[in-house]
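Per chain, numbering begins at 1; letters A, B, ... match sequence-line order. Worth knowing before you read on, the calculation uses all heavy atoms, side chains too, and leaves out hydrogens, waters and symmetry mates.
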There are 2 protein chains.
Amino acid sequence: MERIRRVDRPTTLLTETIQRIDARNTAYGLAGRGDYGPAVQRAVATPLPDKIPFSAAQKQVVEHLSLLEANPVARKVAPIPHDPELLTRHIKAAGYFLKADIMATCQVPESAYYSHDRHGNPIEARTQNAIVIVMAKPWQAMRASTGSDGMGDPISFQAYQHLGLVAETLANYVRRLGWDASPQYGPSFVDKYVVLMPPLLLLAGVGEVSRAGIVLNPYLGLGYKAAAVLTDMPLVADQPVDFGLQRFCQDCRICAENCPSQAISAGGKVMYNGYETWKLDTRRCASFNFTNKRGTMCNRCVKSCPWSLPRTAPHNLVRAMLVRSRLAQQIAIRAAYLLGTGQDQPGEKWWFDLQYADHELRPAG
Amino acid sequence: MERIRRVDRPTTLLTETIQRIDARNTAYGLAGRGDYGPAVQRAVATPLPDKIPFSAAQKQVVEHLSLLEANPVARKVAPIPHDPELLTRHIKAAGYFLKADIMATCQVPESAYYSHDRHGNPIEARTQNAIVIVMAKPWQAMRASTGSDGMGDPISFQAYQHLGLVAETLANYVRRLGWDASPQYGPSFVDKYVVLMPPLLLLAGVGEVSRAGIVLNPYLGLGYKAAAVLTDMPLVADQPVDFGLQRFCQDCRICAENCPSQAISAGGKVMYNGYETWKLDTRRCASFNFTNKRGTMCNRCVKSCPWSLPRTAPHNLVRAMLVRSRLAQQIAIRAAYLLGTGQDQPGEKWWFDLQYADHELRPAG
C-alpha cells in the first residue's frame with residue numbers, strides 16, 4: 001500500500017449533509033421488519049449462516065469470541081513514548097504480527113457513528129481514532145464457488161473470524177497500555193459495530209468507492225473484510241488513496257453485468273445521504289441473497305472484479321500500470337471481459353453441498 | 001509436504017514400553033509443585049504470560065475461546081460419502097481454508113493419551129483419529145527477538161490463537177456432520193489436551209525427532225505450534241516422514257550450543273520412556289525460562305535451527321538438497337555455523353519492553 005498515491009481527500013465526496021444511520025435500518029434490520037416483503041422476512045427469520053453446517057460452525061466460534069468481556073483500561077498510561085507516529089507504527093506492527101493483511105488508521109468522523117444500536121439505544125459520537133484491520137477473503141474458495149453453493153458466508157466468515165481475533169487482541173492490549181479501545185467487527189449477528197466501516201476505509205486509505213457501491217482496495221479488490229478498533233490512543237491518520245478507480249469503474253461494468261440480482265448500477269455515480277457513490281440497490285441484493293435457495297451470499301461482484309485477482313507477479317504488474325495509465329485501464333477492462341475474470345473453477349471445490357432442513361442435514365438444492 | 005519421503009514407521013523408535021504420562025507431571029506441573037526448587041515455584045505462581053501486556057492480551061482471547069462449549073454431535077451422520085479418503089481430503093481442505101499451514105492425520109496411539117488430567121481425573125484412551133493442525137510461528141518477530149525480551153510467549157501465542165480458531169471451528173463442524181470431535185490446543189493454561197502432541201506429529205508425518213528433543217518439520221524447522229482434533233470420523237492416516245534429519249542432527253549442534261540453559265543434549269539419542277530421542281533437560285529449560293527476568297520463553301533453539309529459516313526460494317533449494325544428500329547436509333551445517341543462522345535482527349523489533357510489576361506496567365529488566 002506504500003506505493004499507492006495518497007491524497008488529502010477521498011476521491012468521492014463526503015459532504016456535510018451526511019446523516020447518521022440507525023443500525024436498525026441496515027439491510028438485515030429492514031428485511032427482518034418486513035420492509036423487503038414477506039418472503040424475505042420469512043427467509044431471515046432463521047439466520048442465514050445457520051443454513052449451512054460450515055458457516056454455522058464458524059458462527060458459533062466468532063459469536064463466542066465476541067462475548068469476550070472488555071478488560072479494564074489500565075489506570076496509568078504505560079511508560080512508553082506518547083508519540084503518535086511511533087504508536088501508529090507500533091499498533092500497525094502488532095496487527096501485522098497477528099496476521100492482519102492491511103493495517104491503517106484514521107480519525108472517526110461523527111457521521112460514521114450509527115445514531116442508534118440495534119436495540120434502539122442512542123450511540124454517542126465521540127472523538128476517536130480508528131485502527132482499521134483488513135483481512136483478505138480466501139481467493140481459491142471464492143474462485144471455486146459459484147455463488148449458489150452456500151460458500152459465500154463461509155468465505156466471509158473466514159475473514160471475520162480472523163478479524164475478530166485480531167480486533168479483540170489489539171483492543172485488549174491497547175486497554176492494558178492505558179487507552180480505551182472498542183473492537184468493531186462482524187458478521188452482522190455480532191453486535192459490535194457502533195460505526196459504519198465504509199467511511200473509515202475511505203479516510204484511512206484502504207480503497208476508493210467502486211461501482212459495486214463498496215470500497216475497493218487496489219490489491220484485494222472487493223475480496224476482503226474489515227474491522228476496526230476505536231481508541232483514544234494518540235495516532236497519526238493515514239491519508240486517502242487515489243489509484244484511478246473512479247475512471248476505471250466508470251468504464252468497467254463487469255460487476256454490474258455479473259450481479260444475479262441486478263443490484264449494481266450500470267449508470268453513473270449519485271449523491272446518497274451526502275456520500276458520492278455508485279448506488280447499490282440494497283433491497284435487491286439482500287432479497288436475492290437472503291432467499292437464495294442454493295446458498296447464502298453470492299459473492300459474484302467480488303469474484304468478477306478484475307481488481308480481486310490474486311497478488312501474483314503478473315497481476316501486480318498490471319496493477320502498477322492501471323494506477324498510472326488510463327490506456328492501460330481500457331486495455332485491462334477489455335482483457336478482463338475477454339478472459340472472463342472470476343470464472344468458476346469447480347475443480348477446486350472441496351466442500352459438500354449440505355443444508356439444514358428441519359434440523360437435519362440434507363443435500364442442498 | 002508432498003515432496004517429503006514417506007515411510008512405514010517414524011525414524012525414531014516408539015516402543016511397546018511407553019508409559020502414559022500424567023498431565024500433572026509436565027514441566028508446569030512439576031515447577032508448580034516445587035520439584036524444580038523454590039525459586040522456580042515462586043516464579044510460576046504468577047502465570048508467565050501475565051508478565052507481558054501483549055501476551056496477557058493474547059492469553060485472555062485464547063482462554064476465552066477455549067471456553068466455547070462443545071455443540072452436540074448430530075444425531076444422524078450427514079448424507080455424504082463415508083469414504084475415509086474423501087473425508088480426509090475434505091477435512092484437510094477445510095483446515096487450509098481456515099488458514100492452517102499444514103494439515104495431517106493419524107490414528108491416536110493409546111500411549112499418547114495422558115493417564116490423568118491436571119485435576120487428577122483419569123483419562124480414557126480411546127480408538128480415535130487425530131486431525132493434526134500446524135501453524136507456523138511468525139518468523140520476522142522470532143528473528144528480531146533476542147530471547148530475553150518477552151516475545152517468546154507472544155510468538156507462540158500468535159500460533160496458538162490461530163490454532164484455537166481452526167481447532168474449535170473444525171471440531172464444531174465435524175460434530176455437525178455427526179461424528180464426535182474434541183479440539184486439542186494450547187498454550188499450557190488452556191486445559192484442553194488429553195493427548196501428547198509429539199507422538200501424533202511423528203505418526204502423522206509432520207516431522208522427525210530433532211536434537212532439541214521436539215519434532216522438527218522440514219519446512220518450518222522448530223518454528224511452529226500444533227493442535228489436533230480427535231474424532232471418530234473415518235480418516236486415512238498419513239505416513240511418517242524421513243527427510244534425513246537423524247543424520248543431520250547427529251552432526252549439527254547449533255541448537256545445543258545456542259541454548260542459554262544448556263538444556264539441549266550435545267550427545268547422542270537415548271531411550272526415554274520407550275521413545276528414542278535426544279533428551280531435553282526439561283528442568284533446565286523450564287527453570288531458565290520460568291525465572292527469565294527479562295522475558296518469557298527464549299525460543300533460541302527455534303531461531304538458531306537452520307531448518308527454521310523462512311521458505312524462500314534459496315532456502316527451499318537447500319532443503320531439497322539436504323533431504324537427498326549427506327554431503328549437502330555437512331556443507332549446510334558448516335554454512336549455518338559460519339553465517340550464524342538465526343542471528344538477532346534488532347532493527348526489526350516493533351514491540352515495547354514492558355512488564356507488569358505490582359499490577360503496573362514498567363520498563364522491563
Side chain, backbone, both or neither: which part of B/L87 has an atom under 4.5 Å from a heavy atom of chain A?
-> side chain

Heavy-atom distance under 4.5 Å between the side chains of A/K76 and B/L361, does that happen here?
-> no

A/Y356 versus chain B, the contacting section by heavy-atom distance below 4.5 Å | side chain

Heavy-atom distance under 4.5 Å to chain B: side chain of A/P154, backbone, both or neither?
-> both

Given that the side chain runs from C-beta out, which part of A/L354 has a heavy atom under 4.5 Å from chain B: side chain, backbone, both or neither?
-> side chain

What distance separates B/E360 CD from A/R75 CZ, expressed to the nearest 0.5 Å?
-> 7.0 Å

Kindly indicate whether the side chain of B/Q161, heavy atoms from C-beta on, has any atom under 4.5 Å from the side chain of A/T169.
-> yes

Taking the six-membered ring for Trp, are the ring centroids of B/H90 and A/W350 within less than 6.0 Å of each other?
-> yes

Is a side-chain donor or acceptor of B/H162 paired with a backbone partner of A/H162 at a separation under 3.5 angstrom?
-> no

Pick one of side chain, backbone, both or neither for A/A171, based on which atoms fall under 4.5 Å of a heavy atom in chain B.
-> neither

Measure A/I91 against the heavy atoms of chain B and call it side chain, backbone, both or neither at under 4.5 Å.
-> neither

Is A/R3 atom CZ crowded by more than 12 heavy atoms from other residues, nucleotides or ligands, each under 6.0 Å away?
-> no

Closest-packed option against chain B by number of heavy-atom pairs under 4.5 Å, given A/A94, A/A78, A/G164 | A/A94

So CH2 of B/W351 and CD1 of A/I80: to nearest 0.5 Å the spacing works out to 15.0 Å

Please tell me if the side chains of A/F352 and B/L86 come closer than 4.5 Å, counting only heavy atoms from C-beta onward.
-> yes

Which residues in residues 132-141 of chain B have any heavy atom lying under 4.5 Å from a heavy atom of chain A?
-> B/M135, B/P138, B/A141

In this structure, are over 12 heavy atoms from other groups packed under 6.0 Å from B/E348 atom CD?
-> yes

Smallest separation among heavy atoms of A/R362 and B/P79, with atom names | CA-CG, 4.0 Å

Under a 4.5 Å cut-off applied to non-hydrogen side-chain atoms, are A/L65 and B/V61 in contact?
-> yes

Drop me the distance from A/E168's CD to B/Q58's CD, to the nearest 0.5 angstrom.
-> 13.5 Å

How long is the span from the CG atom in A/L67 to the CG atom in B/L68, to the nearest 0.5 Å?
-> 10.0 Å

Close contacts, residues 95-104 of chain B versus chain A, judged by heavy atoms under 4.5 Å | B/F97, B/L98, B/K99, B/D101

Is the backbone of A/H64 close enough, under 3.5 Å, to the side chain of B/H64 for a donor and an acceptor to pair up by distance?
-> yes

